[in-house]
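Below, chain A is the first sequence line, B the second, and so on; all start at residue 1. Basis for what follows: all heavy atoms, side chains included, without hydrogens, waters or symmetry-related copies.
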Amino acid sequence: MMEEHYQPQAVEQEAQQSWEKTGVFRAAEDPSRDKFYCLSMFPYPSGRLHMGHVRNYTIGDVISRYQRMRGKNVMQPMGWDAFGLPAENAAMQNNVAPAAWTYANADYMRDQLKSLGLAIDWSRELATCKPEYYRWEQWLFTRLFEKGLIYKKTAPVNWDPVDHTVLANEQVIDGRGWRSGAVVEKRDIPMYFMRITAYAEELLAELDRLPGWPEQVKTMQRNWIGKSYGCEVHFPIAPPLPPGEGWGEGSVLKVYTTRPDTLMGATYVAVAAEHPLALAAAQGNPELTAFIEECKHGGTAEADLATMEKKGMPTGRFVIHPLNGEKLPVWVANYVLWGYGEGAVMAVPAHDERDFEFANTYALPVIQVLYRKTIGLATDASAGFHDGSGYGGGHAGGAGYGDGTGGSALETPFEQKHWQDWYAAKDDLMILVSSGKYSGLTHSQAFDAIAADLQAKNLGRKRTQFRLRDWGISRQRYWGCPIPIIHCPTCGDVPVPEDQLPVVLPEDVKIDVGSPIKKMPSFYQTACPLCGRAAERETDTMDTFVESSWYYARYACPDSGDAMLDERARYWLPVDQYIGGIEHAILHLLYARFFHKLMRDVGLVHCDEPFTNLLTQGMVVAPTFLRESADGKKHYFNPAEVDVKLDERGRPLGATLKADGRPVTIGGTEKMSKSKNNGVDPQSLIDQYGADTARLFTMFASPPDQSLEWSDSGVEGAFRFLKRLWKQVYGHWAEGAAPALDKTTLNDAQKNLRRQAHETLRKVTDDYGRRLTFNTAIAANMELLNALAKFDDTSANGRAVRQEALELTVLMLAPIVPHLCRTLWRELGHAEDVAVAKWPAVDETALVQDTIDLVVQVNGKLRGKIGIAPDAGRESIEAAALADANVQRHLEGQPPKKVIVVPGKLINIVV
RNA sequence: GCGAAUGUGGCGAAAUUGGUAUACGCGCUGGAUUUAGGUUCCAGUGGGGCGACCCGUGAGAGUUCGAGUCUCUCCAUUCGCACCA
């Protein structure tokens, strides 16, 4: 007996209990079937689901359910990205241990996820903070350490001089610590690095073999890896350094540049404040010492460094220009970054905007050496010679980023082709002037000639360079995976042996400032695995990006106790569809690709890339409402606390606070956040309307890769549609079982409805399978339901046609609103759960039309429409178009100059 | 600063390969049903014009028989920038 009215709570509860009981979403390896591994980025257990989660997991669920209906062996897992900074902050605020806080949050959020009706195999659930997970991360670390793919070096961090802690970039606000307010300093500390640069070439090249990734993400990764083609240039130091002042490279200052053709325009050389030459020059120079000290203030974030005012100071030292022998001053400049390569650049103010700005400020000479062929004389650096690649890829950088990024030999044809491409763009534009024997050469000729001369003098060579830097993974925090290293006074850094893994992080701790395990002898006191004498454990933990770089593989065999991955990973990997926020386009996705190659090279996985298809979802945004107090402080109100008044055409007039009826300012539409108080709790939405309405609204409001704007009335619209669908099926059900369809005796209205139903199916299949645009799939079904509502034919064939159309609608919407469709599918007379129903096939015979509409244009403007047989020839189309009265009027008796016929679409008559 | 994207009615959006701009939904207006509110249903809804028609996809130029879509310049907004996840 079907209920007359749609009651989401009852429908959803029954469906979720049934799915749990039958275990229909449990995934088992089955080599006889095509697998489909669908993965959404796992959540950080922050406390409650937010709308971004709902959106992410609904997208993944729709794809999973669709692929299951297509007959694929689908696996959709879920887990917890459980280590991280917020747990430590919450621990300090609420006096609870990070572990307890994290597990409680995961428990709550798991229930929330289940109430969304996701087709997840919960038996594969994992949490990265569990020793049975992170022990394998520690195991891989020790393997990589032994292979030399992990090494130790010092690197700068943000140091809070008041709290005596290392700060994340996020915790540095305007150059000050977020809690102490103290001016942050850069401080060098020893850290472990993963040699991602050893894989730079492969990470770059394989982007070309990822057709299932968005072009924009591949472009961002290419630019991030940043391969450039340039030259290493050596400037001899003059006068030669006194004994003991060198730094291992002899008496030359090395720089890397992508523009050796402009070398004759170099007027000074600039080094970073941390450069040994700067430090040596500062000895006995209080002014320079003070300047170098000043450069240490502020955080390490690149965006801050790149936007700060350019400052510098002469070192009093000079170098010799390698080609013309001129003496050039060496400056210390805050815009030269020590973390990058040699930390020294050659400055060509005439042809680089930053050098130009710096030279202007400090009255340094500017020598123009390029002539713009097509336009004429360039007057300053901003005239467009700049190659746009910035200091990272421009002429900063140096002889390898620390370790592992030496230049390549430039011998293969593949390499030669890339060098040619690098030259080509600039050759049409410029020619050298005022450059001695190089004057008159093009960019590429000068590049080669200067490189050859430098090589002959042994003062430089052609070289490629990556912008990508090695990945520093040490964190001075507690709530993370312990780095499995033992520091022995005699044996040095010793990896923890396999039989002593995991190094378990103590969970029962009290948190104040700093990591508790650094003050816990029971944790760090140990014996050296090699010599047995007293030694100390490393107390740093790993970057949480390490855990999230391989979890996708562990889902294949989450219970494997003998190995990081077992043979089940071979069946499930790679991930067929990965879904997550666009904010992860570079870091997470690059690290995961890197880790996949690391695991491949130790024989754990057998493919080259982890994610075959990638969908990057947009943000969830909502309007903001605020009042500004007299002192300029902004107080934000939640959209739920506010009434918005509209005029008679629906334009917003203003908004008032419900509590006091007084006006509030309508701010911009921004990403849902705590600070703007514009978040909408998905739980209240699920409680009020049910999960299906929440799912339908988030899928309908915009395509998945664009931002999604929250709208209360949009949610009501979604709910309304589900009620109408229920009502249609109920009305049909109440008439009793429909007779079988007789395709041979259909009237026009019946044929039209069938055609629309099958055209919708064709479109929706494409939307789900290829385009991943669920909003248009829903819109097409709304149109079909509108047509069904107008179709009031109660004849036998009419009811048969309606039965077919309703069945198709229910099947097409099942991936998006699975609970509702499960009930409707049963009421339409099917015993199986719609979750395992077969995706329907388009009936091509239903699509055949006797006549089609053709648009007639005169001079590109719409002037009429003609109905014509779909197989009509060009001449009969032309004749029919010219016969149209309105077309005749616009031709005004003139003969057509040209007639363009686009078959099946339009005809354009040009006069 | 550098890299990537986005910009279409009052609003969210559609137009998939250069071919009818605004599908679908929201909102709004009018009407029906209802004791009232809500619900539900029907009709209308880019701007201008009595009309034939004209204008219209952030701004400006270009290519084309034809441009929301392609090219160039500019503006605005958003995301990322290596220790937030």
| task | Convert the base pairs of RNA chain B into dot-bracket notation, remembering that pairs crossing earlier ones are written with [ ] and that bases paired across to another strand are shown as |; include only Watson-Crick or G-U pairs under 3.5 Å. | result | (((((((..(((......[....)))((((((.......))))))(((....)))..(((((..]....))))))))))))....
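Atom CZ of A:Phe356 is separated from atom C1' of B:G1 by 17 Å (rounded to the nearest Å). Here the C1' atom of nucleotide B:C79 and the CG atom of A:Asn223 are 15 Å apart, to the nearest Å. Atom CG of A:Leu589 is separated from atom C1' of B:C79 by 14 Å (rounded to the nearest Å). When rounded to the nearest whole Å, the span between OH of A:Tyr199 and C1' of B:A82 equals 20 Å. The CG atom of A:Asp767 sits 9 Å away from the C1' atom of B:U16 (whole-angstrom rounding). Computed from coordinates, the A:Trp471 CH2 to B:C83 P distance equals 9 Å when rounded to whole Å. Taking atom NZ of A:Lys897 as the reference point, atom P of B:C65 lies 10 Å away to the nearest angstrom. The separation between A:Ile778 atom CD1 and B:G25 atom C1' is 10 Å, rounded to whole Å.
Taking the side-chain contact (heavy atoms from CB on, under 4.5 Å) definition, one finds that A:Lys898 meets it with A:Ile900, A:Val910, sequence neighbours left out. Residues satisfying the ring-ring contact (aromatic ring centres under 6.0 Å, His included) criterion with A:Trp726, sequence neighbours excluded, are A:Tyr6. Residues passing the ring-ring contact (aromatic ring centres under 6.0 Å, His included) test with A:Trp101: none are found, sequence neighbours excluded. Checked against ring-ring contact (aromatic ring centres under 6.0 Å, His included), A:Phe594 has the following partners two or more places apart in sequence or in another chain: A:Tyr199. Taking A:Trp710 as the reference, A:Phe697 meet the ring-ring contact (aromatic ring centres under 6.0 Å, His included) condition, with sequence neighbours excluded. Every side-chain contact (heavy atoms from CB on, under 4.5 Å) that A:Lys311 has, sequence neighbours left out, goes to A:Phe291, A:Glu294, A:Glu309, A:Asn334, A:Tyr362.
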| query | Between A:Thr197 and A:Asp470, is a side-chain hydrogen bond (donor to acceptor under 3.5 Å, both in side chains) present by the stated rule, with each step listed? | reply | CA-CA 6 Å; A:Thr197 51; A:Asp470 276 337; 2.7 Å; yes
| field | Working for side chain to side chain contact (heavy atoms under 4.5 Å, CB included), residues A:Asn886 and A:Val858 | value | CA-CA 10 Å; A:Asn886 200 40; A:Val858 178; over 6 Å; no
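In this structure, of B:C83, B:A15, B:A85, it is B:C83 that holds the atom nearest to the side chain of A:Ile189. Here the side chain of A:Gln216 is nearest to one of B:C79, B:A4, B:A85, namely B:A4. Considering only the side chain of A:Leu906, B:U20 comes nearest among B:G12, B:C81, B:U20. Residue A:Trp224 has its side chain nearest to B:C81 when only B:U20, B:C81, B:C83 are considered. With distances taken from any side-chain atom of A:Leu468 to the nucleotides B:A14, B:C83, B:A82, the minimum falls on B:A82. Taking only side-chain atoms of A:Glu709, from C-beta outward, the nucleotide of B:A23, B:C11, B:A14 with the closest atom is B:C11. You'll find that the side chain of A:Ile582 is closest to B:C79, out of B:C24, B:C79, B:C81. Comparing B:A85, B:C84, B:C83 by their closest approach to the side chain of A:Phe545 singles out B:A85.
Across the C1' atoms, B:C11 and B:A5 are found 22 Å apart, a figure rounded to whole Å. With C1' as the reference atom, B:G56 and B:G68 are 11 Å apart, rounded to whole Å. B:C84 sits 15 Å from B:C79 when the C1' atoms are compared, rounded to a whole Å. Nucleotides B:C72 and B:U77 place their P atoms 23 Å apart, quoted to the nearest Å. Comparing B:A13 with B:U8, their P atoms sit 8 Å apart, to the nearest whole Å.
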Please tabulate, one pair per line, each protein N/O and nucleotide N/O from nucleotides 50-54 of chain B that are separated by under 3.5 Å, including the distance.
residue	atom	partner	partner atom	Å
B:A52	O3'	A:Arg889	NH2	3.2
B:A52	O2'	A:Arg889	NH1	3.1
B:C53	OP1	A:Asn886	OD1	3.3
B:C53	OP1	A:Arg889	NH2	2.7
B:C54	OP1	A:Arg863	NH2	3.1
B:C54	OP2	A:Arg863	NH1	3.4

Check: protein-nucleotides 66-77 of chain B nitrogen or oxygen pairs below 3.5 Å:
none

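In summary, the aromatic rings of A:Tyr578 and A:Tyr552 are positioned with their centroids too far apart to meet the 6.0 Å limit. Ring centroid separation for the pair A:Trp80 and A:Phe42 does not come in under the 6.0 Å cut-off.
Counting only residues at least two apart or in different chains, salt bridge (charged side-chain N to carboxylate O under 4.0 Å, His left out) contacts with residues 694-712 of chain A comprise A:Asp61-A:Arg695.
Donor-acceptor pairing under 3.5 Å, judged by distance alone, is present between the side chain of A:Lys763 and the base of B:U16. Between the base of B:C83 and the side chain of A:Gln476 there is a donor-acceptor pair shorter than 3.5 Å.
Within a 6.0 Å sphere centred on CG of A:Asp174, other residues, nucleotides and ligands contribute 12 heavy atoms or fewer.
Salt bridge annotation for A:Asp352-A:Arg354: present, with a cationic side-chain nitrogen under 4.0 angstrom from a carboxylate oxygen.
Counting heavy atoms from C-beta outward, A:Leu906 and A:Val856 have side chains that stay 4.5 Å or more apart. Using a 4.5 Å cut-off on side-chain heavy atoms (C-beta onward), A:Lys518 and A:Gln476 make contact.
Ring geometry for A:His588 versus A:His584: interplanar angle over 60°, hence perpendicular rather than tilted (30 to 60°). Taking the six-membered ring where tryptophan is involved, the planes of A:Tyr689 and A:Phe719 are perpendicular, since the angle between them exceeds 60° and thus also 30°.
Only one option out of A:Thr760, A:Thr765, A:Asp767 pairs with A:Lys763 in a side chain to side chain donor-acceptor pair (under 3.5 Å); it is A:Asp767.
Note on A:Asn169: a side-chain N or O is less than 4.0 Å away from OP1 or OP2 of B:A82. At the phosphate of B:C65, OP1 or OP2 sits under 4.0 Å from a side-chain N or O atom of A:Lys898. Contact annotation: A:Arg475 reaches the phosphate of B:C83 (side-chain N/O to OP1 or OP2, under 4.0 Å). Put simply, A:Thr544 has a side-chain N or O that comes within less than 4.0 Å of OP1 or OP2 on B:A85.
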| What does nucleotides 38-43 of chain B look like as a protein-contact string, B for base, S for sugar-phosphate only, - for none, at under 4.0 angstrom between heavy atoms? | -SSS--
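Shown for residues 695-703 of chain A: residues whose heavy atoms fall under 4.0 angstrom of RNA chain B, namely A:Phe700, A:Ala701, A:Ser702, A:Pro703.
Contacts of A:Asp853 with the nucleic acid, taken as non-hydrogen atoms under 4.0 Å apart, are absent.
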